[in-house]
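Take a look at the structure below.
We count ligands from 1, going down the list as the structure has it; atoms in each ligand are counted the same way.
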Amino acid sequence: MSAHYDVVIVGGGIAGLSLASALAGQCSVALVEAEQTLAYHTSARSARQLIPSYGPPVVQELTVRTLDLIAARDAERPEPVLTPRSFMLIGDDATVRAEASGRMQRITHAEALELCPVLLPESFSAAGLDTGSFACKAPVLLEDHRRRAEAGGVDIITGARVHSAQRLGTGWELGAGQEGFEAAVVVNAAGAWADELAVLSGVEKLGLQPYRRTAAIVDVENPLPATCPMVAAADDSFYFRPDDGQVLISPAEHVPSGPEDARPHPGDIERLVARINTVTTLGIRGVSQAWTGLRTEAADGVPVVGFDAEATGFFWLAGQGGYGFQTSSGIAELAAGLILAGQGAAATPPTEASPASRTAEALAATRWSIRR
Ligand SMILES: Cc1cc2nc3c(=O)[nH]c(=O)nc-3n(C[C@H](O)[C@H](O)[C@H](O)COP(=O)(O)OP(=O)(O)OC[C@H]3O[C@@H](n4cnc5c(N)ncnc54)[C@H](O)[C@@H]3O)c2cc1C
């Protein structure tokens with residue numbers, strides 16, 4: 001016997017959970033997660049920073065909206081998700097100028113060193129500062145979405161990998177673990193596995209590519225002031241930020257991977273520590289934890305949000321890349337609106353779509369049409 005829902009969300013990371021809480025109470029929803037725990041993969045491995053000046057314009061818009069939505073919730077809860085923490089970009093004049101957006105102010109070399117005294121002065125010549133950036137208590141945000149979803153009647157099923165999905169009549173039939181589900185809409189929030197889920201559903205994949213990114217928490221001889229911004233190289237060669245008396249560091253690598261439970265490769269952490277020691281006086285003494293996650297991107301670097309152009313009722317919520325937390329509530333609001341209005345199928349009737357249209361480009365036109 002299959003359980004019937006209006007919407008089945010596949011994937012219990014920040015994408016799936018934020019949509020579940022946005023849909024809660026408005027239609028019947030199940031969220032199905034392959035792992036025994038929610039947010040086991042990339043959503044447990046981020047740097048927990050929300051940066052309005054980071055990413056292409058649509059990502060920046062979604063980040064600003066997400067910050068507004070989270071701040072409104074923060075006003076009602078005892079433990080806030082957001083804490084102000086600026087974001088500082090360093091490099092040479094050309095790279096900082098190329099990366100800096102309207103949401104980032106240029107600051108002087110001396111001002112940058114005052115904000116982050118451990119930087120070696122000769123390691124950069126130009127800097128920009130985004131004072132609208134926030135540290136994010138990701139576990140609190142994830143738990144808030146889970147609680148709101150369940151309070152609004154969403155069934156959350158963990159330890160159930162979706163192994164089959166087919167379009168039957170007016171809806172979808174899914175098999176996950178030992179369970180069966182029927183739903184009008186399937187949401188693909190499967191992170192690095194989003195293309196894999198499309199293929200097993202008989203939907204053409206989009207060419208989404210997971211990229212490895214490693215980070216570590218380290219003990220240092222010269223701690224960062226608590227007020228130090230997150231500091232990132234404009235050439236994407238490293239970033240670091242304070243982390244409760246320790247320091248979070250990353251080589252900001254962008255290395256293609258298959259979908260997997262990613263782990264640091266031998267030598268990754270040693271090279272990272274050596275790199276950070278060449279640009280700072282932090283004096284890294286030891287590594288207390290290190291991890292690798294997968295940032296999954298579409299070819300154009302823009303998150304994929306919308307109904308598939310040809311597969312009726314198949315909704316993409318993927319390709320959030322390095323912006324999954326900072327865009328989460330804005331994207332969930334947008335996705336919930338599309339799903340509840342049922343706009344996707346109506347906007348792009350399958351009869352008008354050629355096989356070639358089922359590409360990232362065609363989907364890009366569909367996914368952002370409601371924003372224009
Ligand atoms: C080192 C690092 C630093 C980052 N820093 C930031 C940051 O500071 N700010 C920011 O905004 N973003 C950051 N990101 C990016 C952010 O973490 C991701 O964009 C976000 O977590 C992606 O969430 P998701 O829900 O799409 O994917 P995931 O968290 O991977 O969730 C997808 C889920 O789908 C499940 N799944 C897959 N296939 C199936 C199936 N067949 N059946 C059932 N379940 C399935 C998986 O088990 C997984 O739990 C960072 C990423 C990394 C790696």
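- Side chains of Arg103 and Gln60: a donor-acceptor N/O pair is present below 3.5 angstrom, by distance only.
- Between Ala39 and ligand 1 there is no heavy-atom distance shorter than 4.0 Å.
- Inclusion of Thr214 in the set of residues having an N or O under 3.5 Å from an N or O of ligand 1 is not warranted.
- Shortest contact from atom 44 (N) of ligand 1 to any protein heavy atom: Ala34 N, 3.0 Å.
- No heavy atom of Ala192 sits closer than 4.0 Å to any atom of ligand 1.
- Geometrically, ligand 1 and Val162 share a nitrogen or oxygen pair separated by less than 3.5 Å.
- The closest approach between a heavy atom of Gly322 and any atom of ligand 1 is below 4.0 Å.
- In this structure, Ser28 contributes its side chain and Tyr5 its backbone to no donor-acceptor pair below 3.5 Å.
- For atom 1 (C) of ligand 1, the candidate residues are Arg161, Met230, Glu196, Arg45; the nearest heavy-atom contact is made by Arg45.
- Taking distance alone, with nitrogen or oxygen atoms compared against 3.5 Å, Gly16 stays at or beyond that limit from ligand 1.
- When Gly321, Ala194, Gly13 are checked for heavy-atom proximity to atom 31 (O) of ligand 1, Gly13 turns out nearest.
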Pair Glu61-Arg65, salt bridge (charged side-chain N to carboxylate O under 4.0 Å, His left out): steps then yes or no: CA-CA 6 Å; Glu61 274 178 52; Arg65 180 65 185 148; over 6 Å; no
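- When all heavy atoms of Leu69 and Gly330 are compared, the closest pair comes out as CD1-N, 4.1 Å.
- Checked by distance only, ligand 1 and Arg48 come closer than 3.5 Å through their nitrogen or oxygen atoms.
- Between Asp268 and Arg263 there is no salt bridge, since none of the side-chain N atoms of the basic residue sits less than 4.0 Å from a carboxylate O of the acidic one.
- Without hydrogens or angle criteria, Thr280 side chain to Asn277 main chain gives no donor-acceptor distance under 3.5 Å.
- Between Glu33 and ligand 1, a contact under 3.5 Å exists for at least one N or O pair.
- For ligand 1, the polar-atom distance check against Leu197 finds no nitrogen or oxygen pair separated by under 3.5 Å.
- The line from OG of Ser329 to CG of Leu19 is 11.0 Å long, rounded to the nearest 0.5 Å.
- For the pair Phe325 and ligand 1, the shortest N or O to N or O distance falls below 3.5 Å.
- A donor-acceptor pair shorter than 3.5 Å can be found between the side chains of Thr214 and Thr292.
- Atom CG of Asp155 sits about 9.5 Å away from atom CD of Glu179, to the nearest 0.5 Å.
- Closest heavy-atom contact between Ala47 and Tyr239: CB-OH, 3.5 Å.
- For Trp291, no nitrogen or oxygen atom sits less than 3.5 Å from a nitrogen or oxygen atom of ligand 1, counting backbone and side chain alike.
- When only interatomic distances are considered, the shortest N/O to N/O separation between Leu50 and ligand 1 does not fall below 3.5 Å.
- The closest side-chain donor-acceptor pair between Ser288 and Gln246 falls under 3.5 angstrom.
- Atoms of ligand 1 found under 4.0 Å from any heavy atom of Tyr239 (numbered from 1 in listed order, with element): 3 (C).
- Listed by number with element, the atoms of ligand 1 under 4.0 Å from a non-hydrogen atom of Ala160 are 43 (C).
- At least one N/O-N/O distance between Gly324 and ligand 1 falls below 3.5 Å.
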